[in-house]
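Notes for the one structure printed next.
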Amino acid sequence: MKLKLDFYQRDGVNVAQDLLGKLLVRELDGQKIISKIVETEAYIGPEDKACHAYQNKRTKRTEVMFGRAGNAYIYLIYGMYNCLNIVTASVGKPEAVLIRAVEPIEGLDTIRKYRQIKSKKVEDLTNGPGKLCQALAIDKKLNGYDMTYGDKLYVLDSNYKLEVVKDKRINIDYAEEYKEKLWRFYIKGNPFVSR
DNA sequence: TAAGTGATTTGCT
DNA sequence: GCAAATCACTTAA
């Protein structure tokens with residue numbers, strides 16, 4: 001079952017937790033890549049200093065976050081890496097969940113085609129936000145993509161048993177007190193979780 | 001550990 | 001308009 005609008009149309013922190021263990025599906029060129037979401041972070045617009053849309057700052061880039069829940073928010077960071085977020089809450093509320101890491105389930109060959117690395121370790125394919133985007137061939141063409149409707153990128157429901165760990169977010173030193181927020185979630189013991 | 005990388009935003013004109 | 005600063009990361013040592 002594909003996750004529907006009502007799943008995303010909730011508080012970003014809850015959506016972030018509930019997305020763990022769900023299946024992220026990417027289809028392209030007739031190939032299907034299925035991966036399990038193992039790590040997420042919540043970005044809560046108006047109050048969160050780490051969020052691009054802090055204090056409801058609305059620019060061309062953050063526009064998508066103000067839009068409908070279930071849309072993909074993809075942006076380029078550090079000049080070369082894409083990050084995948086899913087917009088949550090309702091229209092006008094800039095909230096999103098960053099997908100930080102996934103575990104490949106199906107379509108390893110396709111993943112390797114898009115992300116060629118020296119490392120033999122499977123973990124290195126998708127254990128980070130930029131890596132997973134390379135692996136799934138996600139770029140800005142998919143920005144604003146409707147994941148509750150489209151077939152190229154969406155999330156399937158699942159019933160994995162898992163233990164959720166709450167932690168501080170990382171790599172957002174500039175966010176001052178908000179970097180202490182426990183808005184990062186990951187599956188305990190999963191090898192694909194980034195440091 | 002450190003540096004590369006360029007789109008985006010901001011703060012001047 | 002243009003220039004400078006910023007940055008939700010990765011890789012190779």
Side-chain angles (χ1 to χ4, degrees), chain A residues 8 11-17 19-20 24 35 37-67 69 71-89 93-104 111-112 114-145 147 153 155 165-187 191-195:
Chain A
Y8 300 109
D11 183 67
V13 178
N14 289 318
V15 177
Q17 284 184 76
L19 273 174
L20 291 177
L24 180 67
S35 57
I37 298 173
V38 300
E39 186 179 357
T40 61
E41 279 182 13
Y43 286 85
I44 308 304
E47 58 168 304
D48 183 1
K49 285 188 185 169
C51 184
H52 292 154
Y54 175 51
Q55 284 184 334
N56 287 312
K57 192 165 64 162
R58 192 164 188 150
T59 64
K60 203 183 274 177
R61 183 175 60 161
T62 61
E63 191 66 33
V64 183
M65 274 201 278
F66 288 87
N71 285 357
Y73 170 44
I74 295 157
Y75 67 95
L76 198 62
I77 192 65
Y78 300 117
M80 32 170 94
Y81 301 108
N82 293 298
C83 288
L84 169 64
N85 302 245
I86 304 176
V87 177
T88 66
K93 270 195 190 167
E95 297 189 11
V97 175
L98 169 67
I99 310 296
R100 286 194 61 82
V102 300
E103 173 182 341
I111 289 178
R112 287 188 190 281
Y114 289 106
R115 176 165 165 73
Q116 288 168 5
I117 52 173
K118 294 173 193 161
S119 171
K120 282 271 193 302
K121 289 197 298 196
V122 189
E123 294 91 40
D124 287 334
L125 287 171
T126 55
N127 63 346
K131 296 179 183 179
L132 117 214
C133 283
Q134 271 187 36
L136 302 193
I138 290 171
D139 62 26
K140 288 183 51 198
K141 287 199 289 293
L142 286 166
N143 192 28
Y145 190 81
M147 297 176 68
L153 183 67
V155 182
V165 182
K166 291 185 196 181
D167 206 348
K168 294 177 192 173
R169 290 179 293 177
I170 50 181
N171 278 318
I172 49 165
D173 292 345
Y174 58 89
E176 299 173 36
E177 70 270 23
Y178 275 90
K179 73 180 176 198
E180 301 297 324
K181 292 278 180 193
L182 300 179
W183 285 348
R184 170 172 174 241
F185 307 96
Y186 57 91
I187 297 176
F192 289 87
V193 173
S194 62
R195 270 162 285 144

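In this text, all values refer to a predicted model and were calculated from it rather than measured experimentally. Letters A, B, ... mirror the listed sequences (proteins, then strands); counts begin at 1.
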### Message
Can you confirm whether A:K49 is buried at NZ, in the sense that more than 12 heavy atoms of other residues, nucleotides or ligands lie under 6.0 Å from that atom?
### Response
yes
### Task
Describe the nucleic acid contact of A:R115 in one word from base, sugar-phosphate, nothing, applying a heavy-atom distance below 4.0 Å.
sugar-phosphate
### Message
Less than 4.5 Å apart, side chain to side chain, heavy atoms only: is that true for A:V155 and A:I86?
### Response
yes
### Task
Compare side-chain N and O positions of A:K140 against OP1 and OP2 of B:dT8 and report whether any pair is under 4.0 Å apart.
yes
### A:R61 CZ - B:dT10 P separation (whole Å)
9 Å
### Query
Contact class for A:K57 vs. all strands (heavy atom < 4.0 Å): base, sugar-phosphate, or nothing?
sugar-phosphate
### Query
Within the pair A:K118 and C:dA12, is there a side-chain N or O less than 4.0 Å away from OP1 or OP2?
yes
### Message
What's A:R100 touching, base or sugar-phosphate or nothing? Going by heavy atoms closer than 4.0 Å.
### Response
sugar-phosphate
### Task
Start with the C-alpha gap between A:Y75 and A:N85, add the side-chain angles, then the distance that decides, and say whether side chain to side chain contact (heavy atoms under 4.5 Å, CB included) holds.
CA-CA 9 Å; A:Y75 67 95; A:N85 302 245; 3.3 Å; yes
## Note on the structure
Between A:C133 and A:N82 the two heavy atoms that sit nearest each other are SG-O, 3.4 Å
### Task
To the nearest Å, give me how far apart CG (A:L98) and P (C:dC9) are.
7 Å
### 5'-most by nearest nucleotide on DNA chain B - A:L76 or A:Y81
A:Y81
#### Entry: Any strand: nucleotide that pairs with B:dT5 via Watson-Crick or wobble, under 3.5 Å
none
